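Please read all numbers here as calculations on a predicted model, not as lab measurements. Scope of the values below: all heavy atoms of this structure, side chains included, with no hydrogens, waters or symmetry mates.
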Amino acid sequence: QVQLVESGGGLVQPGGSLRLSCAASGLTFSRYAMSWHRQTPGKERELVASITSAGGNTNYVDSVKGRFTISRDNAKNTVYLQMNSLKAEDTAVYYCKAAGIYYGNFYWGQGTPVTVSS
């Protein structure tokens with residue numbers, strides 16, 4: 001079965017950095033576009049960053065541009081989100097999503113919490 005397992009979340013001080021990882025299994029990773037989303041209780045889930053299946057193109061929500069970087073290593077079946085200059089507003093549960101490029105299927109990870117606080 002398909003599994004997406006996020007890791008790397010935790011508590012960090014404002015201005016600090018975290019690197020999230022999402023390890024995929026049970027799918028042909030190179031056939032999936034990958035993305036990171038985040039959600040705060042009571043709010044809609046927000047698309048943060050996305051990357052095409054071959055890693056050639058990336059997109060970011062305006063609020064994280066210049067601070068976050070999404071990347072992928074298809075040989076390791078893993079997508080990353082490097083988060084720098086973290087702000088309190090970045091506090092959320094971060095979710096990894098895999099979207100198939102041929103059949104429209106998609107999968108979600110279980111989420112990893114990120115808390116930015118003094």
Side-chain angles (χ1 to χ4, degrees):
Q1 65 179 20
V2 173
Q3 290 188 346
L4 302 176
V5 181
E6 300 98 330
S7 61
L11 175 64
V12 65
Q13 300 277 359
S17 297
L18 284 175
R19 189 193 192 204
L20 306 184
S21 298
C22 173
S25 60
L27 80 174
T28 303
F29 189 68
S30 62
R31 296 178 184 170
Y32 288 80
M34 302 297 296
S35 57
W36 287 95
H37 305 243
R38 65 188 180 187
Q39 187 168 23
T40 300
K43 296 184 178 181
E44 294 289 311
R45 190 168 296 186
E46 174 189 37
L47 174 63
V48 176
S50 62
I51 187 166
T52 51
S53 59
N57 292 96
T58 58
N59 283 284
Y60 303 89
V61 67
D62 286 345
S63 60
V64 309
K65 287 181 178 177
R67 300 189 297 119
F68 290 11
T69 302
I70 187 171
S71 62
R72 66 190 294 161
D73 187 338
N74 283 1
K76 296 181 178 179
N77 284 12
T78 302
V79 62
Y80 306 93
L81 185 67
Q82 178 66 48
M83 306 188 295
N84 298 327
S85 302
L86 283 161
K87 306 174 181 179
E89 308 91 88
D90 297 317
T91 296
V93 177
Y94 284 72
Y95 297 88
C96 175
K97 180 185 178 182
I101 62 176
Y102 297 123
Y103 297 105
N105 54 314
F106 61 91
Y107 305 93
W108 289 95
Q110 84 290 347
T112 185
V114 172
T115 301
V116 184
S117 176
S118 299

Novice: Which heavy-atom pair separates F29 from R72 by the least distance, and what is that distance?
Specialist: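 Scanning both residues, the minimum pair turns out to be O-NH2, 3.0 Å.
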Novice: On a heavy-atom basis, which atom in V61 and which in E46 lie closest, and how many Å separate them?
Specialist: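 V61 and E46 have their closest heavy atoms at CG2-OE2, 3.7 Å.
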Novice: Output the distance between atom CG (N74) and atom OG1 (T28), rounded to the nearest 0.5 Å.
Specialist: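 N74 atom CG to T28 atom OG1 measures 11.0 Å (nearest 0.5 Å).
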Novice: Looking at every non-hydrogen atom in both residues, tell me the closest pair between L20 and Y94 and how far apart they are.
Specialist: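 That would be CD1-CB, 3.6 Å.
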Novice: Considering all heavy atoms of both residues, which atom of E6 and which atom of C96 are nearest to each other, and what is their separation?
Specialist: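 Looking at all heavy atoms of both residues, the shortest contact is OE2-N, 2.7 Å.
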Novice: Could you tell me the separation between the CZ atom of R45 and the CG atom of L47, rounded to the nearest 0.5 Å?
Specialist: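 Those atoms lie 11.5 Å apart.
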Novice: Considering only heavy atoms from C-beta outward, does the side chain of T112 approach that of S7 to under 4.5 Å?
Specialist: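 With C-beta onward as the side chain, the pair stays apart.
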Novice: OG of S63 to CD of E89: how many Å apart, nearest 0.5 Å?
Specialist: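 Answer for the OG-CD pair, S63 versus E89, is 9.0 Å.
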Novice: Could you tell me which residues satisfy side-chain hydrogen bond (donor to acceptor under 3.5 Å, both in side chains) with N105, sequence neighbours excluded, listed by chain and number?
Specialist: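 Once residues adjacent in sequence are excluded, the partners of N105 under the side-chain hydrogen bond (donor to acceptor under 3.5 Å, both in side chains) criterion are Y32.
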Novice: Taking all atoms of both residues into account, what is the closest heavy-atom pair of T91 and V116, and its distance?
Specialist: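 Distance-wise, the nearest heavy atoms are OG1-N, 2.9 Å.
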Novice: With distance as the sole test, does R31 use its side chain to make a donor-acceptor pair with the main-chain N or O of L27 at under 3.5 Å?
Specialist: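 Not at all, since once roles are kept as given, no pair shorter than 3.5 Å links the two residues.
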Novice: Check whether T78 reaches the backbone of K76 with its side chain - one donor and one acceptor, N or O, closer than 3.5 Å.
Specialist: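 Pair found, side chain donor or acceptor close to backbone of K76.
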Novice: Taking a hydrophobic cluster as the set of Ile, Leu, Val, Met, Phe, Trp and Tyr residues connected by side-chain heavy atoms closer than 4.5 Å, whether directly or through intermediates, do V93 and V79 fall within one such cluster?
Specialist: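 No.
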Novice: When rounded to the nearest 0.5 angstrom, what distance separates NE2 in H37 from OG in S50?
Specialist: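 If I round to the nearest 0.5 Å, the distance is 8.0 Å.
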Novice: Is there a continuous path of hydrophobic side-chain contacts, each under 4.5 Å between heavy atoms, that joins L81 to Y95?
Specialist: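 Cluster IDs for L81 and Y95 differ.
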Novice: Which pair of heavy atoms, one from M34 and one from I70, lies closest together, and at what distance?
Specialist: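 Heavy atoms of M34 and I70 come nearest at O-CD1, 4.1 Å.
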Novice: Should L11 and S117 be marked as a side-chain contact (heavy atoms from CB on, under 4.5 Å) after you check the CA-CA gap, both sets of side-chain angles, and the distance that decides it?
Specialist: CA-CA 7 Å; L11 175 64; S117 176; 4.2 Å; yes
Novice: How many angstroms lie between CD in E44 and CD in Q39, if you round to the nearest 0.5 Å?
Specialist: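 With rounding to 0.5 Å, CD (E44) is 7.5 Å from CD (Q39).
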Novice: Could you state the interatomic distance from CZ (F68) to OG (S17), rounded to the nearest 0.5 Å?
Specialist: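 Rounded to the nearest 0.5 Å, the CZ-OG separation comes out at 9.5 Å.
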Novice: Give a yes/no verdict on a cation-pi contact between R19 and Y80, requiring under 6.0 Å between NZ or CZ and the six-membered ring centre and an angle within 45° of the axis.
Specialist: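 Verdict for Y80: a cation-pi partner in R19.
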Novice: Can you list the residues that meet the side-chain hydrogen bond (donor to acceptor under 3.5 Å, both in side chains) rule with Q3, with sequence neighbours excluded?
Specialist: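 Q3 satisfies side-chain hydrogen bond (donor to acceptor under 3.5 Å, both in side chains) with no residue once adjacent residues are dropped.
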Novice: Can you tell whether the side chains of K87 and D90 come within less than 4.0 Å, N to carboxylate O?
Specialist: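 Salt bridge: no.
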